[in-house]
Structures are given as structure tokens and as C-alpha cells.
Amino acid sequence: MTSEELDIAFQESVARINEHTEPFPADFLLRLYAYYKKATNNYGRPSSSKPIINAFKTNALFQIQDVTQDEAKQVYIDLVHNYFLYRE
């Protein structure tokens with residue numbers, strides 16, 4: 001997959017998540033959060049009003065610190081694909 005194809009697939013996966021109206025499991029959301037942040041190079045501080053949620057988000061980011069940006073995009077795509085594959 002070329003870099004451009006990866007970017008397109010990533011954006012499509014992000015859109016699919018954003019369009020979904022049912023709640024996601026918390027552990028799945030944390031994984032999506034971490035890989036999205038890594039894929040987009042957005043390392044701003046977690047902004048939840050609840051400190052425990054910020055701690056979970058920070059931990060999720062810490063766990064993938066050695067993942068490259070392209071690897072993060074691919075894992076995000078795979079997570080979304082597998083989530084909806086087993087839901088249908």
C-alpha cells in the first residue's frame with residue numbers, strides 16, 4: 001500500500017468511526033485514541049475533565065511510543081475493519 005493509499009484508508013476509517021452512533025467499548029476507544037494520536041502526530045495533552053480518564057489516555061499513548069506514524073495508521077485501519085467485521 002502506498003503512502004497515499006494508506007492516508008485515504010486511514011481517513012475512511014476515521015470517518016466510519018465518527019459516523020457510528022452506538023457506543024464503543026472503553027478499551028477499544030482507548031486503542032483508537034492512541035493510534036489516532038500517533039497517526040496524526042497530535043501529542044497534545046489529554047483533555048478530559050476527569051483525571052482518571054487522562055491517566056488511561058496517557059498510558060495508552062505510552063504503550064505505543066515505539067510505533068511509527070504509518071504503523072499507527074495501519075493498526076487503526078485494522079482495528080476499525082475488525083470491529084465492524086465482527087459486528088455485522
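A 4.5 Å side-chain heavy-atom check between I17 and F24 finds at least one atom pair inside the cut-off. Residues Y83 and L32 have side chains not in contact (no heavy-atom distance under 4.5 Å, counting atoms from C-beta outward). Within the 4.5 Å cutoff, the side chain of L6 has no heavy atoms near those of the T2 side chain.
Using a 4.5 Å cut-off between side-chain heavy atoms of Ile, Leu, Val, Met, Phe, Trp and Tyr, with links allowed through other members, Y35 and F28 fall into the same hydrophobic cluster. I8 and L79 fall into different hydrophobic clusters, defined by Ile, Leu, Val, Met, Phe, Trp and Tyr side-chain heavy atoms under 4.5 Å apart, directly or through other members.
Atom CZ of residue R31 and atom OH of residue Y76 lie 12.5 Å apart, to the nearest 0.5 angstrom.
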Return all side-chain donor-acceptor pairs below 3.5 angstrom for residues 64-74, not counting sequence neighbours, or 'none' if the list is empty.
| from | atom 1 | to | atom 2 | distance (Å) |
| --- | --- | --- | --- | --- |
| T68 | OG1 | E71 | N | 3.1 |
| T68 | OG1 | E71 | OE1 | 3.3 |
| Q69 | OE1 | N41 | ND2 | 3.2 |
| Q69 | NE2 | A39 | O | 2.6 |
| E71 | OE1 | T68 | N | 2.8 |
| K73 | NZ | D7 | OD1 | 2.4 |
| Q74 | NE2 | D78 | OD1 | 2.9 |

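In E4, the CD atom is not crowded: 12 or fewer heavy atoms of neighbouring residues, nucleotides or ligands sit closer than 6.0 Å.
In this structure, I52 belongs to a hydrophobic cluster whose other members, linked by side-chain heavy atoms under 4.5 Å apart, are L30, I53, F56. Y33 belongs to a hydrophobic cluster with L61, counting contacts under 4.5 Å between side-chain heavy atoms of Ile, Leu, Val, Met, Phe, Trp and Tyr, direct or through other members.
Here salt bridge (Lys or Arg N to Asp or Glu O under 4.0 Å) pairs that include residues 20-29, with residues two or more places apart or in two chains, are E22-R87.
In this view, E19 satisfies the salt bridge (charged side-chain N to carboxylate O under 4.0 Å, His left out) rule with no residue, not counting sequence neighbours. For S3, the side chain to side chain donor-acceptor pair (under 3.5 Å) test picks out no residue, with sequence neighbours left out.
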